[in-house]
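Heads up: the structure comes next, in structure tokens.
Both counts, for ligands and for their atoms, begin at 1 and track the order of listing. Because the structure is predicted, anything quoted here is derived from the model rather than measured.
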Amino acid sequence: MKILVTGGAGYIGSHTCVELLNNGFEVVVYDNLSNSKEEALTRVKKITGKDLIFVKGDVLDVKALDKLFNEHKFDCVINFAGLKAVGESVKKPLEYYHNNITGAINLLEVMKKYECYNFIFSSSATVYGDPEVVPVDENSKIGGTTNPYGTTKLFIEQILKDLHYAEPKFNIAILRYFNPIGAHPTGLIGEDPNGIPNNLAPYITQVMIGKREKLTIFGNDYETPDGTCIRDYIHVCDLAYGHVCALRKLLENPGLVIYNLGTGTGSSVFDVLHAFEKAYGKEIPYVIGNRRAGDIAVNFTKVDKALNEINFKAKYDINDMARDQWNWQAKNQNGYEN
Ligand code: NAD
Ligand code: UD1
């Protein structure tokens, strides 16, 4: 079975390629490398001992997509291609709406033309906004996103629902990721952010290698046990495997399905920091700063639906995530650069 993985050279995409190859799927990666390096795919091949096809291209390039589908008969498309920096999306909304939404529409149109009806979409816990009740589940209210990035996820989800209503042939899995961190246990692939990391885990590991002086914790006055925000961190390898579970489900023609992918456990910023300190064997310097605009106090998910319907259960905890992310960062201080 041949799977098109758009954005497959990126952080989650590269780990998903490993899981797909290890589970016997053929993989074609289509990525414009705007936020990734081809080296990640060389390492995917090294980890798995298997080959994949890489085509450099943009999901905004309709002609190139047509050529790609003309050359390959795909059984499913997993769409990771998208821009994901929250702060940047506030400054460049049109770029975000264009890249993420038009890119998804282009893919769906070419899929329809070539009669490929299985689609997996990378959505996000951000679609729940600031949830009234936690843990959330797939029926919790969505909306109230606080930035254009989050809103692209919300809009694409709606487009997918409308498409499925009009064209029931489409099988669509909307996967709402909680907070992916960690790296492949080999330390060969991991997250390689450009510039100053916006997210917690890569910022911490850059402090650990001395690239940043200290972590700033964005607020310790939330109504949580230690005053810092709580999230559902999930090991990127668990998350990647979740795509194999979703893919198997799509092959049963379920129509449109939605799954939250998390661990079901909420961890505070201090919990995460302590997990990294455990991996490091030393204390990590930090200061308490102001709250970050748009942050919500608590979000984590129920895991029952993913367990019952696609047999997905995360196996790693935050200590494993911290160990593996530290291993990746220690071995690749400049990411894929050297
Ligand atoms: P990433 O930036 O590492 O990967 C995205 C990949 O898409 C990159 O390789 C980039 O080069 C490629 N890309 C971007 N625009 C493209 C275009 N127009 N054409 C072709 N390729 C393009 O990000 P990631 O963390 O791996 O995230 C993958 C997906 O999951 C994204 O859609 C993201 O919004 C979503 N997501 C990520 C997180 C997270 O915390 N990392 C959480 C929820 C959802
Ligand atoms: C952020 C995005 C969200 C996106 C998600 C996954 C915002 C407002 N939200 O979510 O849309 O889907 O990433 O990529 O950016 N923290 C610090 N210091 C830091 C960095 C983070 O204290 O230097 C704290 C944050 O306040 C938060 C927690 O760590 O409480 C996790 O932050 P982060 O990794 O950015 O993830 P989210 O805020 O959940």
Report the residue from L261, V303, L307 that forms a side-chain contact (heavy atoms from CB on, under 4.5 Å) with F312. L261
Which heavy atom in I258 sits nearest to a heavy atom in E138, and how many Å separate them? O-CG, 3.4 Å
So, for H164 and F119, is the gap between ring centers shorter than 6.0 Å? no
State the atoms of ligand 1, each with its element, that fall below the 4.0 Å cut-off from a heavy-atom position in Y149. 33 (C), 34 (O), 35 (C), 36 (N), 43 (C), 44 (C)
Polar contact flag for G10 and ligand 1 (N/O pairs, less than 3.5 Å): yes
Taking the six-membered ring for Trp and the single ring otherwise, decide whether the centroids of F276 and Y203 are under 6.0 Å apart. no
Considering only protein heavy atoms, which is closest to atom 16 (C) of ligand 1, and at what distance to one decimal place? N32 ND2, 3.4 Å
Using the six-membered ring wherever Trp is involved, compare the ring planes of F69 and Y114 and label them parallel, tilted or perpendicular (cut-offs 30° and 60°). tilted
For L83 against N100, the heavy-atom pair lying closest together: N-OD1, 2.8 Å
What is the nearest protein non-hydrogen atom to atom 2 (O) of ligand 1, stated with its residue, atom name and distance? N35 ND2, 2.7 Å
Between T102 (side chain only) and H98 (backbone N and O only), is there a donor and an acceptor less than 3.5 Å apart? yes
What atoms in ligand 1 come closer than 4.0 Å to a heavy atom of G82? 5 (C), 7 (O), 13 (N), 14 (C), 15 (N)
Within 4.0 Å of some non-hydrogen atom of V59, the atoms of ligand 1 are 17 (C), 18 (N), 19 (N), 20 (C)
Using a 4.0 Å cutoff against the non-hydrogen atoms of S36, which atoms of ligand 1 qualify? 8 (C), 9 (O), 11 (O)
Can you find an N/O atom of I12 closer than 3.5 Å to an N/O atom of ligand 1? yes
Only one of D137, D232, T301 passes side chain to side chain donor-acceptor pair (under 3.5 Å) with N260, and that residue is T301
For atom 8 (C) of ligand 1, the closest protein heavy atom turns out to be D31 OD2, 3.6 Å
Answer with yes or no whether P180 contacts ligand 1, where contact means a heavy atom under 4.0 Å from a ligand atom. yes
Centroid separation under 6.0 Å, is that true for the rings of Y280 and W326? yes
Exam field: side chain D238 to backbone K315, donor-acceptor pair closer than 3.5 Å: yes
Does an N or O anywhere in S124 fall below 3.5 Å from an N or O of ligand 1? no
Which protein residues have a heavy atom under 4.0 Å from ligand 2? V86, S124, T126, Y149, N179, N198, N199, L200, L215, T216, I217, F218, C229, R231, Y233, V269, R292, D295
Between CG of L273 and OG of S268, what distance do you get to the nearest 0.5 Å? 9.0 Å
With no hydrogens and no angle check, is any side-chain donor or acceptor of K50 less than 3.5 Å from a backbone partner on L21? yes
Checking T145 against T126: is there a side-chain donor and acceptor pair closer than 3.5 Å? no
What about N99: any of its N or O atoms under 3.5 Å from an N or O on ligand 1? yes
Is the closest side-chain donor-acceptor distance between H235 and D324 under 3.5 Å? yes
Check contact between L33 and ligand 1, using heavy atoms of the residue and a distance below 4.0 angstrom. yes
Can you find a non-hydrogen atom of S123 under 4.0 Å from ligand 1? yes
Mind checking whether S14 has a heavy atom under 4.0 Å from ligand 1? no
Identify, for atom 5 (C) of ligand 1, the protein heavy atom at the shortest distance, and state residue, atom and that distance. F80 O, 3.6 Å
Is the centre of the H15 ring less than 6.0 Å from the centre of the F80 ring? no
Output yes when the distance from some N or O of ligand 1 to some N or O of S34 is under 3.5 Å, and no in every other case. yes
Starting from atom 3 (O) of ligand 1, which protein heavy atom do you reach first, and at what distance in Å? Y11 N, 2.8 Å
Measure the distances from the heavy atoms of E191 to every atom of ligand 1 and state whether one is below 4.0 angstrom. no
For atom 32 (O) of ligand 1, the option (of R176, H98, K84, K153) bearing the nearest heavy atom: K153
A student checking ligand 1 against S122 at a 4.0 Å heavy-atom cut-off should list atoms 29 (C), 30 (O), 32 (O), 35 (C)
Is the distance from the ring center of W328 to that of Y11 below 6.0 Å? no
